[in-house]
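Atoms within each ligand, like the ligands themselves, are counted from 1 in listed order. Throughout, numbering of the chain's residues begins at 1 and tracks the sequence.
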Amino acid sequence: MPFTLTSNPELTIHCSRRQFSSIWTSRVSFVKCSSLPKRASLLMRSLLVGFTLIVMAITAPMMAAQKVELSVDAAKTGAKMDRNIFGQFAEHLGHGIYEGIWVGPDSTIPNTRGIRNDVVAALRALKVPNVRWPGGCFADDYHWRNGIGPLNQRAATLNPNWGGVIEPNTFGTSEFMDFLGQIGSDAYVSVNVGSGTPQEAAEWLEYMTAAQSTTLAKERTTNGHPAAYKVSYLGIGNESWDCGGNMTPDYYVSQMKIYSRFVRNFNPEQQDKHQMLKIAVGPGGGEPRWTEWTEAVMKAYQQHTWSWDINGLSMHNYTVGHWPPSYTSTGFGETEYSQILKFTLEMDGLISKHAAIMDKYDPDKKVALVVDEWGGWYAPLPGSNPGFLVQQNSLRDAILAALNLNIFARHADRVRGANIAQMINVLQAMIITDNEKMVLTPTYYVFKMYVPFQDATFVPVAFDAGTYTHGNVTLPRVDAIAAKDANGKLWLEITNLDPNQPVEIEANLAGITAKSAAGETLTAPTVDSVNTFDTPNTVLPKPVSANVQGGKLSLKVEPKSVTVVSVEQ
Ligand code: AHR
């Protein structure tokens, strides 16, 4: 059957279906239908030229970069973007600790006191503000005494939460503190509320923080560390509504008060300005069981007396899609890309929901919302131990990370901490290792690009994001945040969610005299592009510069990209 390109019978062109489709796939190519007589062929050729031009005219606006205007008034500032929103989480789970951090002093993998040097060097560049440890669900099974003293005398226990493997306890308190010292980070220690006791947790804190020569402090000295450690954050249990003991809100609240009262930090340097902040277990979703939980904890906080206090409420929210995790972390297309991004944007509503409850009981926002587990959680990689939560990390994760960090930034008045799950080899990791090999993930590069936003002051950005639609998913085309660092320099982040089209950004910059702008952009050939040990540079930031003239910054951002620029005055 011939294909009719026009309703005018005189202008009917006879081409096969295959030839017709070649017009669409190669918009400037001419189609020659060789079976036609020469005159008809000439006529057809000129008609095709015309037709092609019309098609080009119609589609040109769609193929050209979309324009998005941003308005940034650097004179208007908001809350501080607490550096702790860039926190990390390292649990005794799979190869997160063992192999990912700890290889032991006798390993052939280059290490310092058993901690691998390549990982430390990579993490130093991220200026990791704090590391949450030892769990997760593992925390409520952890007994700290198993993890102190000579390595060869440590108890071998089991890790029933994560694969039932042997936990050698060779990475314990002093190894964790050594690791923090090497990467330049602070301790966020989650104590065991589920299967432990207040006494056990109190003694652990005394062991770590007492400067006076108590028996526990002397034991620490015997184990090689005379100086008191600092513990900046104390997690009072983990998911106590589930793996942490299936507690009711009221039961947890009574435990929380006891732990808050008796688990003391004795470090002399943490008695005044740098006091340890206590984080209570908070919600794991938006359903009534979790709004009731937030209500119960915050109501208790409102009525708290001199004898106990909390400074933060934890929140866990993973981007899973469906439970159990079934989205794959490799080999996916635009459908899965857009769906996962849609799920991840639900973080904003969840924060708003719990922040509104917190506002009722704590209008001065003294209690921080700490999203201390977040990230993409996908199906385990085929062939991996399902209890080890092994997944790849793609460009999609980089975009997911940027969107979440931007959400935290916009809630900076309440969200003053967050810990991506997890640091190495587990879930949405910064780093993947395999014995001596190491590769940095797309998420790693986003955290690196965002370093200037640590402790920067949020600057509101107004924009009409436009939309990007794929199938039945519609997302904002772009996202953007701005902030001023301690030196007054303005930083701008722009995420282009659309995997197919670039965006022309035109930012009106008020409140500063901008001269130039430059930075880095992160993108890759496909939404599922990953870095592997053999091809570690597939998703790598590259330099980008913007045009700045008359208070306007113009920058074309590539499809599916994360861009950070600083503005020179
Ligand atoms: O990060 C993996 C697990 O997810 C944590 O151990 C737990 O707290 C959460 O359910």
Show which atoms of ligand 1 fall inside a sub-4.0 Å distance from at least one heavy-atom site of Glu239. 7 (C), 8 (O), 9 (C), 10 (O)
Closer than 4.0 Å to some heavy atom of Glu91 - which atoms of ligand 1 meet that? 1 (O), 2 (C), 5 (C), 6 (O)
Hey, what's the ring geometry for Trp133 with Tyr142, parallel, tilted or perpendicular (30° and 60° as the breaks)? perpendicular
State whether Tyr337 and Arg396 meet the cation-pi test: NZ (Lys) or CZ (Arg) under 6.0 Å from the six-membered ring centroid, and within 45° of the perpendicular axis. no
Side-chain donor-acceptor pair under 3.5 Å between Asn246 and Tyr251, yes or no? no
Using distance alone, decide if ligand 1 has a nitrogen or oxygen within less than 3.5 Å of any nitrogen or oxygen in Gln422. yes
For atom 5 (C) of ligand 1, tell me which residue out of His316, Arg132, Glu373 has the closest non-hydrogen atom. Glu373
Counting heavy atoms not belonging to Lys365, are there more than 12 under 6.0 Å from its NZ? yes
Nearest non-hydrogen protein atom to atom 1 (O) of ligand 1, with distance, is Tyr318 OH, 2.7 Å
Write down the atom of Ile97, the atom of Glu91, and the distance for their closest heavy-atom approach. CG1-O, 3.2 Å
On the 0 to 90° scale, with breaks at 30° and 60°, tag the Trp293-Trp241 ring pair as parallel, tilted or perpendicular. perpendicular
For Tyr361, does the six-membered ring have the charged nitrogen or CZ of Lys299 within the cation-pi criterion, i.e. under 6.0 angstrom from the centroid and within 45° of the normal? no
Atoms of ligand 1 under 4.0 Å from any heavy atom of Phe89, numbered from 1 in the order shown, are 1 (O)
Just heavy atoms, cut-off under 4.0 Å: does Asn238 contact ligand 1 by side chain, backbone, both, or neither? side chain
Taking heavy atoms and a distance under 4.0 Å, where does Trp377 meet ligand 1: side chain, backbone, both or neither? side chain
What part of Leu427, side chain, backbone, both or neither, has a heavy atom within less than 4.0 angstrom of ligand 1? side chain
